[in-house]
Number of protein chains: 2
Amino acid sequence: MAVKILLVEDDTAIREMLQLPLHKAGYAVREAGDVRTAKALLLEDPPDLILLDWMLPDTSGLDWARTLKASPITKDIPIIMLTARGEEEDRVRGLDVGADDYVTKPFSPRELVARIKAVLRRTAPITSEEPVEVEGLRLDPVSHRVSGNGEALSMGPTEYNLLHFFMTHQDRVFTRGQLLDQVWGTNVYVEERTVDVHIRRLRKALALTGHDHLVQTVRGSGYRFSQTP
Amino acid sequence: MAVKILLVEDDTAIREMLQLPLHKAGYAVREAGDVRTAKALLLEDPPDLILLDWMLPDTSGLDWARTLKASPITKDIPIIMLTARGEEEDRVRGLDVGADDYVTKPFSPRELVARIKAVLRRTAPITSEEPVEVEGLRLDPVSHRVSGNGEALSMGPTEYNLLHFFMTHQDRVFTRGQLLDQVWGTNVYVEERTVDVHIRRLRKALALTGHDHLVQTVRGSGYRFSQTP
DNA sequence: CAGGGATGTTACAGCTGTGTGACGGCGAAG
DNA sequence: CTTCGCCGTCACACAGCTGTAACATCCCTG
């Protein structure tokens, strides 16, 4: 699923300069020239990260950052402040306000992208890293390994993700559409029958240690992962 | 793992000047512009050394140094104070407070690196630099040497840091981004593919004694160091 | 029992991610 | 100054994975 970025910057030149690099980096960017517009976009579809200019026509970006970080709803959205050189004092206040990082103008698009990645990495929610085990079938997210009764099982990335999702959501039927959303990510256009193929590949991998019976078909509905048939 | 340094300095010019030399000297540097940010970084991942500016926007660096040296948890982290010329009196107080060394601005990066080495040498706990050995592959942080089955292996500083990090964090998958954070340091912005190249160089070095299989690729996720394939 | 929809299975062409060699730059060493 | 070594980036090659179509098989329904 594409990472959504809200770019709040009144300088059109900078916005245009960033458009292409951010898009090439795989980010879905939405732009605003002032805080008023930004607020509207924020409510409409909350982004995963906000690039916030320090100087804005209506409200100070700094003030808005403080507001965002104060609200329990928006406080977890990371903010990178864009500051002009010579606003060192502002920069300090920016971090003080709760911004996650700052970039000093002029900056290279490459540096910005690198910082975005770093911030997203740092603020990423801690995903379940606990090993899961069912009937001797073991999946360890930390080492990224799957084994059946101690014997190593090898599979592709998609099959691994599929299995991880199944093992953490047992005894529940999922439609092909739900699996596409959860495992492939939303906003992907893929045929539903593709799920069948990956189910097949997963079963084939699990069959090596006889664990393929855990992946069950519910005719007319979808698939289920369960110990009981 | 690379020696981690926390640089607390509000002057961006100085931070930029130090970034490259410190990185090239093999240190993973994290930066903070004020004590508040520094505290956060300190808690997140304790560094091996702190470079502390005397004048800071929020709290006096001197006060913070005193606090650090008073706490049993942080008192063993060496501190080098960065002082402006003519603050001789401060310097005395700095040392009095428990700082391990001081450097007077302006200073050359080379001089700073030399002092860092000296301080680390002086304060290096005998216990924290344990040699690591896996399947006859041996890395000794004290002598900074790597050998496979007794035969010496030569590699560049980055490959050494990478290997050290891997050997102290086995059986765990790291993304390229995480490796950049941990081995290169958070404030160095390089392409993620650069990691691939250094992995390649590391493997090439290890291949001399047939230990290259320990560095494993996890397609779609990153790299892993492990005895088991 | 026949028909038809749903699912299993296989093959394959395209694409993405990774391996690999080369190159220019830069600082250190001499 | 020159030489050397290391670093970051790029371009290209290749292997593995992905999504889709086509065909086979299964199972429900009437």
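Protein chains get the first letters and strands the later ones, always in sequence-line order, with residue 1 at the start of each. This structure is a prediction, so every number in the text was calculated from the model and none was measured.
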Give the ring-plane orientation class for B:H198 versus B:W184, where under 30° counts as parallel, over 60° as perpendicular and anything between as tilted.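 Perpendicular: the ring planes of B:H198 and B:W184 meet at over 60°.
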Regarding B:T158 and B:R201, is there a side-chain donor-to-acceptor distance under 3.5 Å anywhere?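 No, no side-chain donor-acceptor contact under 3.5 Å.
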Which listed nucleotide (C:dA11, C:dG5, C:dG19) is nearest to the side chain of A:R219?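 Shortest atom-to-atom distance from the side chain points to C:dG5.
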For the pair made of [atom1] in [X] and [atom2] in [N], what is the distance, rounded to whole Å?
X      : N      : atom1 : atom2 : value
A:D212 : C:dT9  : CG    : C1'   : 14 Å
A:I199 : C:dG8  : CD1   : P     : 8 Å
B:R203 : C:dT20 : CZ    : P     : 7 Å

With distance as the sole criterion, do the side chain of B:R193 and the base of C:dG17 form a donor-acceptor contact below 3.5 Å?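 When only heavy-atom distances are counted, B:R193 does not reach the base of C:dG17 through any donor-acceptor pair under 3.5 Å.
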Categorize A:E159 for me: base, sugar-phosphate, or nothing, with a 4.0 angstrom heavy-atom threshold over every strand shown.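 If one applies the 4.0 Å heavy-atom cut-off, A:E159 turns out to touch the sugar-phosphate alone, with no base involved.
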Does anyone know the first and last nucleotide of DNA chain D in reach of chain B, 5' to 3', at under 4.0 angstrom to a heavy atom?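 Footprint of chain B along DNA chain D, 5' to 3': D:dC6 to D:dC17.
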Heavy-atom pair with the smallest gap, counting every atom of A:E191 and A:L180: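 Nearest heavy atoms, A:E191 then A:L180: O-CD1, 4.3 Å.
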Between A:P141 and A:P131, which heavy-atom pair has the shortest distance, and what is it?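 Looking at all heavy atoms of both residues, the shortest contact is CD-CA, 3.8 Å.
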NE2/B:H213: more than 12 non-hydrogen atoms of other groups inside 6.0 Å: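 For B:H213, atom NE2 is crowded (more than 12 foreign heavy atoms under 6.0 Å).
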Judged by atom type as modelled, is there a donor-acceptor pair below 3.5 Å linking the side chain of B:R224 to the main-chain atoms of A:S143?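 Checked: pair present.
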Starting from the 5' end of DNA chain C, give me the residue, A:K204 or A:D196, whose nearest nucleotide shows up first.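 Closest to the 5' end, via its nearest nucleotide, is A:D196.
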If only side-chain N and O atoms of A:R176 are considered, is one of them under 4.0 Å from the OP1 or OP2 phosphate oxygen of C:dT7?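 Checking A:R176 against C:dT7: at least one side-chain N or O falls below 4.0 Å of OP1 or OP2.
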Between B:Y223 and C:dG17, is there a side-chain N or O to OP1/OP2 distance below 4.0 Å?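 So the side chain of B:Y223 is outside the cut-off, no N or O lying under 4.0 Å from OP1 or OP2 of C:dG17.
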Derivation and outcome, side chain to side chain donor-acceptor pair (under 3.5 Å), residues B:Q216 and A:H144: CA-CA 11 Å; B:Q216 302 160 0; A:H144 212 274; over 6 Å; no
Pair up each side-chain donor or acceptor in residues 147-157 of chain A with any protein partner under 3.5 Å, not counting sequence neighbours, and list the distances.
none

Tell me which of A:T194 and B:P157 sits closer to the 5' end of DNA chain D, going by the nucleotide each one is nearest to.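 Result: B:P157.
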Using heavy atoms to find the nearest nucleotide of DNA chain D for A:H198 and B:V197 separately, return the residue whose nucleotide is more 5′.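 Whichever sits nearer the 5' end wins; that is B:V197.
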List the steps, then state whether side chain to side chain contact (heavy atoms under 4.5 Å, CB included) holds for B:Y223 with B:T217. CA-CA 5 Å; B:Y223 295 98; B:T217 305; 3.5 Å; yes
For nucleotides 25-30 of chain C, read 5' to 3', which letter fits each nucleotide if B means a protein heavy atom sits under 4.0 Å from the base, S means only the sugar-phosphate is that close, and - means neither? ---S--
